[in-house]
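This report refers to the structure that appears directly beneath it.
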Amino acid sequence: MILISGAASKISTAGRVLNAMNRRSYSSARFIAAESLNPRSDDSTSGLRASSRKKRLKQVDLDPLEKESTRGINSARKVIDTFALPDIEDSPYKKTNGSASSRTSKLNSYIKSTEASTSAEISGKPPDHWEKVIEGIRKMKSSEEAPVDTVERDRTGSFLPPKERRFYVLIGTLLSSQTKDHVTTAAVDRLLQNGLLTPEAIDKADESTIKELIYPVGFYTRKATHVKKVANICLTKYDGDIPSTLEELLSLPGVGPKIAHLVLHVAWNDVQGICVDTHVHRICNRLGWVSKPGAKQKTSSPEETRVALQQWLPKEEWVAINFLLVGFGQTICTPLRPRCGTCSITELCPSAFKETPSASSKLKKPIKSKKP
């Protein structure tokens with residue numbers, strides 16, 4: 001009986017919270033709707049109504065129960081904002097909470113799974129006509145230059161000595177996350193022109209100077225902090241060079257799987273995985289090339305896409321697929337309103353024309369005739 005009464009009390013409490021929130025939401029919505037339907041021209045009346053509206057929406061005098069529910073909602077919103085807004089790439093295995101041994105264990109598990117997928121034979125069944133799709137995309141990409149093509153040419157820093165070239169690759173790739181290609185290129189050029197593309201120079205420079213030079217790359221304030229830390233780590237641990245293993249790269253501030261794999265390939269010519277960004281993630285799902293393990297659902301993250309893609313894509317395509325799909329995603333298979341009308345592989349794409357409303361469909365909206 002005690003358990004039942006306790007459960008009933010909790011249900012009743014939850015009901016009070018929901019009812020209170022619903023009453024407030026309904027009251028506010030009804031008031032706003034009424035105000036919009038009955039506009040007043042008198043300024044004094046409008047001022048009184050605005051003041052009354054502020055009082056109704058202020059919700060200062062909440063009882064303890066409602067305060068607790070509001071606090072929970074605000075916490076949930078913070079969590080949602082954290083995942084909804086784009087952020088620079090951080091490894092999902094480097095969390096600020098939890099013990100150091102736990103973080104190390106998760107990182108090691110990721111490294112082992114990556115090494116296993118690299119050394120194992122291709123085990124997954126490739127999708128139908130994937131070779132035709134890649135060939136079609138290559139032909140389209142050759143006729144239209146994408147922003148990534150310029151970056152691909154400049155990214156290697158071949159004009160620099162080996163050690164400086166590798167550091168150039170690492171910093172440029174770190175800055176490129178969540179940033180337009182031309183913005184990244186300009187920021188790297190400014191660092192180079194000011195003699196700030198060596199670990200020694202960055203370690204001595206003020207963080208504010210680095211921040212000003214890399215602006216307006218995405219999250220430039222945090223990236224300036226990361227660049228300083230990375231330079232110091234390269235100096236103290238690697239004699240001015242950059243890490244040469246996936247595990248060591250992932251331990252650097254601001255470096256996640258995509259950046260680590262790309263730097264490992266470009267700087268060290270070591271291919272251990274596919275570099276998957278938002279373009280590759282989006283296009284692979286549109287083409288039906290990847291899915292969650294044991295399900296037909298789309299992959300929900302670039303990292304899931306990388307693992308699924310490596311199950312069947314031949315290793316000789318692992319390097320080329322990133323630049324190919326990124327360029328395709330920048331010019332034709334764009335995030336919003338993809339240009340399916342100019343794409344030559346629509347007959348092989350299960351998502352063709354599904355995200356682009358046709359002009360005819362807009363004109364053929366039924367018009368309801370009024371009954372006499």
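Count residues from 1 along the sequence.
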Item to complete: For Lys211 and Thr221, work out which heavy atoms get closest and say how close.
Response: CD-OG1, 3.5 Å
Worksheet item: Taking side chain as C-beta onward, heavy atoms only, is Lys315 less than 4.5 Å from Val271?
Response: no
Response to the item:
Heavy-atom closest pair (Ala224 atom, Ile214 atom, distance to 0.1 Å) is N-CD1, 3.8 Å
Worksheet item: Considering the options Pro335, Pro338, Cys333, which one meets the side chain to side chain contact (heavy atoms under 4.5 Å, CB included) requirement together with Glu355?
Response: Pro338
Discussion item. So, taking the atom named CG in Leu170 and the one named CG in Leu249, what distance separates them when rounded to the nearest 0.5 Å?
Written reply: 7.0 Å
Worksheet item: With side chains defined as the heavy atoms from C-beta onward, is the minimum distance between Thr331 and Lys141 less than 4.5 Å?
Response: no
Worksheet item: With a 6.0 Å cut-off on ring centres, are Tyr238 and Phe167 close enough?
Response: no
Practice prompt. Show your working on side chain to side chain donor-acceptor pair (under 3.5 Å) between Lys292 and Ser300 and close with a plain yes or no.
Written response: CA-CA 8 Å; Lys292 288 180 176 291; Ser300 56; 3.0 Å; yes
Worksheet entry | Distance, nearest 0.5 Å, that separates OG1 of Thr173 from CG of Leu264 | 11.5 Å
Item to complete: Decide side chain to side chain contact (heavy atoms under 4.5 Å, CB included) for Phe328 and Ile345; before the verdict, give the C-alpha distance in whole Å, the side-chain angles of both, and the deciding distance to 0.1 Å.
Response: CA-CA 12 Å; Phe328 183 56; Ile345 59 167; 4.3 Å; yes
Item to complete: Taking atom NZ of Lys229 as the centre, report whether more than 12 heavy atoms of other residues, nucleotides or ligands fall under 6.0 Å from it.
Response: no
Worksheet entry | Nearest heavy-atom neighbours spanning Ser291 and Ala308 | O-CB, 3.9 Å
Side-chain donor-acceptor distances from residues 201-208 under 3.5 Å, at least two apart:
unit_1	atom_1	unit_2	atom_2	d
Asp203	OD1	Asn232	ND2	3.3
Glu207	OE2	Thr225	OG1	2.6

Worksheet item: So which heavy atom on Trp312 is nearest to which on Pro126, and how close?
Response: CE3-CB, 3.7 Å
Worksheet item: Less than 4.5 Å apart, any side-chain heavy atom of Ile233 and any of Pro253?
Response: yes
Discussion item. For Ile332 and Met140: C-alpha separation, side-chain torsions, deciding distance, then whether side chain to side chain contact (heavy atoms under 4.5 Å, CB included) applies.
Written reply: CA-CA 9 Å; Ile332 297 177; Met140 286 185 283; 3.7 Å; yes
Discussion item. Checking Ser176 against Asp181 for the side chain to side chain donor-acceptor pair (under 3.5 Å) test, could you report, in this order, the C-alpha distance in whole Å, the side-chain angles of both residues, the deciding distance, and whether it holds?
Written reply: CA-CA 7 Å; Ser176 70; Asp181 293 328; over 6 Å; no
Item to complete: Go through the structure and list residues passing side chain to side chain contact (heavy atoms under 4.5 Å, CB included) with Lys139, not counting sequence neighbours.
Response: Glu135
Discussion item. Can you confirm whether Leu174 sits close enough to Lys223 that some side-chain heavy atom of one is under 4.5 Å from a side-chain heavy atom of the other?
Written reply: yes
Practice prompt. Sort out for me which residue in Thr198, Ile171, Val227, Thr209 forms a side chain to side chain contact (heavy atoms under 4.5 Å, CB included) with Leu191.
Written response: Ile171
Worksheet item: What distance do Thr305 atom OG1 and Arg282 atom CZ have between them, rounded to the nearest 0.5 Å?
Response: 11.5 Å
Worksheet item: Side chains of Ile321 and Ile134: closer than 4.5 Å at any heavy-atom pair?
Response: yes
Worksheet entry | Steps toward side chain to side chain donor-acceptor pair (under 3.5 Å) verdict (Thr245, Glu248) | CA-CA 5 Å; Thr245 68; Glu248 290 172 323; 3.0 Å; yes
Item to complete: Answer yes if Leu252 and Val217 sit in the same cluster of Ile, Leu, Val, Met, Phe, Trp and Tyr residues linked by side chain heavy atoms under 4.5 Å apart, and no otherwise.
Response: yes
Item to complete: Decide whether Trp130 and Leu309 are clustered together by the hydrophobic rule: side chain heavy atoms of Ile, Leu, Val, Met, Phe, Trp, Tyr closer than 4.5 Å, transitively.
Response: yes
Practice prompt. May I ask whether Trp318 and Val307 are part of the same hydrophobic cluster, defined by side-chain heavy atoms of I, L, V, M, F, W, Y residues being less than 4.5 angstrom apart, directly or through others?
Written response: no
Practice prompt. May I have the step-by-step check of side chain to side chain contact (heavy atoms under 4.5 Å, CB included) for His281 and Thr299, ending in yes or no?
Written response: CA-CA 8 Å; His281 172 61; Thr299 55; 3.5 Å; yes
Worksheet item: What about Val255 and Leu235, same hydrophobic cluster or not, with Ile/Leu/Val/Met/Phe/Trp/Tyr joined at side-chain heavy-atom distances under 4.5 Å?
Response: no
Worksheet item: Which value, rounded to the nearest 0.5 Å, describes the distance between Leu192 atom CG and Leu213 atom CG?
Response: 11.5 Å
Worksheet item: Would Thr179 and Thr184 count as a side chain to side chain donor-acceptor pair (under 3.5 Å) if you check the C-alpha gap in whole Å, the side-chain angles of each, and the deciding distance to 0.1 Å?
Response: CA-CA 6 Å; Thr179 305; Thr184 303; 4.6 Å; no
Worksheet item: Shortest non-hydrogen contact from Pro350 to Gly288?
Response: CG-N, 4.2 Å
Discussion item. Looking at every heavy atom in both Gln272 and Asp270, which two are closest together, and how far apart are they?
Written reply: NE2-OD2, 3.1 Å
Discussion item. Under the rule for salt bridge (Lys or Arg N to Asp or Glu O under 4.0 Å), what residues qualify as partners of Asp241, not counting sequence neighbours?
Written reply: Arg166
Discussion item. One pair to check against side chain to side chain contact (heavy atoms under 4.5 Å, CB included): Arg138 and Leu324. What are the steps and the verdict?
Written reply: CA-CA 7 Å; Arg138 283 201 175 105; Leu324 183 68; 3.5 Å; yes
